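A quick write-up on the structure given underneath.
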Amino acid sequence: MTTLDQIPGLGATSVADLGRLGIKTPFDLLEHYPSRYEDFSSRRLIADAQSGEVVTVAGVITSIKARPITGRKLTLIEGVITDATGSLNVIWFNQKFLLKTLQPGTRVLLSGAVEWQKRGLQMKSPAYEIQRSGESTHTGRIVPIYPLIGSLTQKRLRTAVKFVLGHPSMDWLPDEVRRREGLIDLPTALRQIHFPDNLDATEVAKKRLQFDELFLYELAHLRSREDLKKLKAPVIVEAIDEVKKFVESLPFDLTGAQRKAAWQIIQDMARSEPMNRLLEGDVGSGKTLVAAMAALNAVASGHQTAILAPTEILAEQHYRTLSRLLDVRAGRCARPGQGDHAGSPVLLTRSHGKDRLDDIANGTVKIIVGTHALLEDKVAFHKLGLVVVDEQHRFGVKQRQAMTTKSGEDIVPHLLSMTATPIPRTLALTLYGDLDISVLDEMPKGRKMIRTKLVRHDGSDAVFEEVRRELDAGRQAFFVCPLIDVSDEIEAKSVIELAESLKKGPLKEYKLAVLHGQMKSEEKQKIMQAFCDGKIDALVSTTVIEVGVDVPNATVMFVEGAERFGLAQLHQLRGRVGRSDLPSFCYLRPSGFVPEATYARLRALVECQNGFELAERDLALRGPGDVYGTVQSGFPGFKLADLFDAPMIARARNSASDLLRKDAGLVEHPEVLARLGEYVRRIHFE
Ligand code: ADP
Ligand code: MG
């Protein structure tokens, strides 16, 4: 079985929807892990079922009928299930098709909560499954709950996953490594993560799958590092004077950390060994400015700099920031033959035409800002000396080479990666090596604490009073909608709804605009521009603004449905304000009633302003039932792995380097090589 459409029950629409989740092969499907489980494993005879329990009963449907509820758009489906010991009433809402599926006489399994009602014990909206020989899939066991999209349903996914699990599969991890690490084999791990025998088994399975992710990451990284050693980068002479003049032209002083980082980068670029430096700094620490200094240094000797952002909005934003910072310097950077405005950045998006490509290819422009569009074949550079990637953890040797094919065979540009993700020391060491990390551990002077408040869902009047006070003072606000689904349509709907309710209610007199994934990119850019120019008071959006957006005049961040976000992500969102010396505010409002424990988790944000500390707290607060580890870290290929599990990272690294020491080309380990190839392709490591 090699393709998804060979799986029974998956039609073209399902296959397309899976594709949107990045699932292209049956094996990918096995890596679509459940986000949680429902425990339906407690089976009961009907006579033994107790109120307040979640149980599974097996029996025959003895009656089923529909009853409309007057005055409400509801249809109640009332059924009775009977086994040898008794009968139980069952109700469902609005699922008329059940009249057909569960006709009297059908043998079924029902899983759900049992409660006392006026007419006796009752099961409300249980999961159901027709009894067949063999083990059950949707009831009577611990059942996986998957992230969904489009036409996909839990049942369809479970059935598909189970079908794939039924096919023989291989373990690619060398036995020696597996035994030394005390890990279970891969087929067992995959089976137990999807259809666990018990919750402890998921933990054991998770260990194996986490190790795989880290081991593959380390292998890919070590190999790409070896490749990099064989290459050379242009020697870029230090342009200390240029950079100094630029710094003097700034309206503020550099932080000590910025000064040090810039100096390290400039020295790296003066060597022929390709730079591979990570610039790590919490949101608002001023990474872009450091990138600007690095770019200026490269441009001073006639080299190009390419700056890659993960989204068009961010590319646009970097472009604007850099233009503002560097334009005044353009004349001074230009050298004879470089064109008039060699130092001014240009933006390259997919919509730009040939003229701009020509300017890039002949070296008329020196600083090019864009998205992954910059990696396309048709973009040719002229003396590309530096690549800066923002918030991307997936830029490898092959990508560097791809960008320079025109300028020389084995000359690659220097690489500076920037991130606000707090990468733990152990991981940073393997990723970048000890000397290649610059940390901006110092905030620009004058920054105030962002006052963070938890808002009870029903008590937000006073809060809107505060928001209006800010807007009246000429400041601006972000409103972020809850994370609902991976689907753009539904997200767009929630953005529009929130905007409407604000327009009708508390923000009647203000200029609002919306921003979401369904809008065209020009439209998005227009809105962002208008917001930057202060023509919009409040921007209602999805998390498209999560990383990097820099509008210092915005002082209010209001997150709706805050309980649905991870702490790290909320911290990123909060980092969109507090970017000047103005006092700023962050409001976190849950989407409805939430348990006290949820407030407790959100309270960490009230108490703590440091991204690193928050990431650690987040992890400590996560329970054993939470399957996902570091999805929000933005690390590709890490679905389960825990970035803070220092011992496991170290072990994965040692095992990987051990294996490569013995068998650098992995010729004796073709299964590992094949798995690695797949992995690297999937995460665009190279
Ligand atoms: P991030 O690290 O989140 O990318 P930015 O580079 O976007 O941060 O910088 C945040 C804001 O702080 C920007 O408006 C930038 O102009 C400003 N800034 C950067 N460095 C300093 C500094 N040393 N002093 C004052 N403001 C600064
Ligand atoms: Mg930034």
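Note that the numbering runs from 1 along the sequence shown for the chain. All values below come from the heavy atoms of this structure, side chains included, with hydrogens, waters and symmetry mates left out. The structure displayed is predicted, hence computed values, not measured ones. Both ligands and their constituent atoms are indexed starting at 1 by order of listing.
The shortest N/O to N/O separation between Pro552 and ligand 1 does not fall below 3.5 Å.
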Practice item. List the steps, then state whether side-chain hydrogen bond (donor to acceptor under 3.5 Å, both in side chains) holds for Glu470 with Thr555. Key: CA-CA 7 Å; Glu470 284 298 298; Thr555 56; 2.6 Å; yes

Practice item. Give the C-alpha distance, both sets of side-chain angles, the deciding distance and a yes or no for salt bridge (charged side-chain N to carboxylate O under 4.0 Å, His left out) between Glu316 and Arg320. Key: CA-CA 6 Å; Glu316 167 92 5; Arg320 261 199 312 269; 3.1 Å; yes

Point to revise | Full working for side-chain hydrogen bond (donor to acceptor under 3.5 Å, both in side chains) between His414 and Asp268 | key: CA-CA 8 Å; His414 294 286; Asp268 279 0; over 6 Å; no

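Contact between Gly281 and ligand 1 is absent, with no heavy atom of the residue lying under 4.0 Å from the ligand. Taking a 4.0 Å cut-off on heavy atoms, Ala420 fails to register as neighbouring ligand 1. Within the 4.0 Å heavy-atom cutoff, Gln317 does not count among the residues contacting ligand 1.
Ligand-side atoms of ligand 1 in range of Thr255: 23 (N), range being under 4.0 angstrom from any heavy atom. Annotation for ligand 1: atoms under 4.0 Å from non-hydrogen atoms of Leu289 are 20 (N). Against a heavy-atom cut-off of under 4.0 Å, Asp253 is close to the following atoms of ligand 1: 22 (C), 23 (N), 24 (N). Residue-ligand proximity, Leu254 to ligand 1, at heavy-atom distances under 4.0 Å covers atoms 23 (N). Below 4.0 Å from some heavy atom of Thr288 lie the following atoms of ligand 1, by number and element: 4 (O), 5 (P), 6 (O), 7 (O). Close approach of ligand 1 to Pro444 (heavy-atom distance below 4.0 Å) involves ligand atoms 21 (C), 22 (C), 24 (N), 25 (C), 26 (N), 27 (C). Ligand 1 places these atoms under 4.0 Å from at least one heavy atom of Val283: 3 (O).
A donor-acceptor pair under 3.5 Å is formed between the side chain of Arg574 and the backbone N or O of Leu605. Proximity of a side-chain donor or acceptor of Gln304 to a complementary backbone N or O of Ile368 within less than 3.5 Å is not detected. Not one N or O on the side chain of Asp359 forms a donor-acceptor pair closer than 3.5 Å with the backbone of Val365. Between the side chain of Arg259 and the main chain of Asp253, no donor-acceptor pair closer than 3.5 Å is present.
For the residue pair Ser438/Gln264, the side-chain donor-acceptor check at 3.5 Å is satisfied.
Of the candidates Glu442, Glu280, Lys287, it is Lys287 that places a heavy atom closest to atom 2 (O) of ligand 1. Closest to atom 19 (C) of ligand 1 by heavy atom, among Met443, Arg576, Gln258, Arg259, is Gln258. Nearest residue to atom 17 (C) of ligand 1 from Arg447, Arg579, Gln572, Met418 is Arg447 (criterion: closest heavy atom).
Ring orientation note: the planes of Phe464 and Phe479 are close to parallel, at an angle under 30° on the 30°/60° scale.
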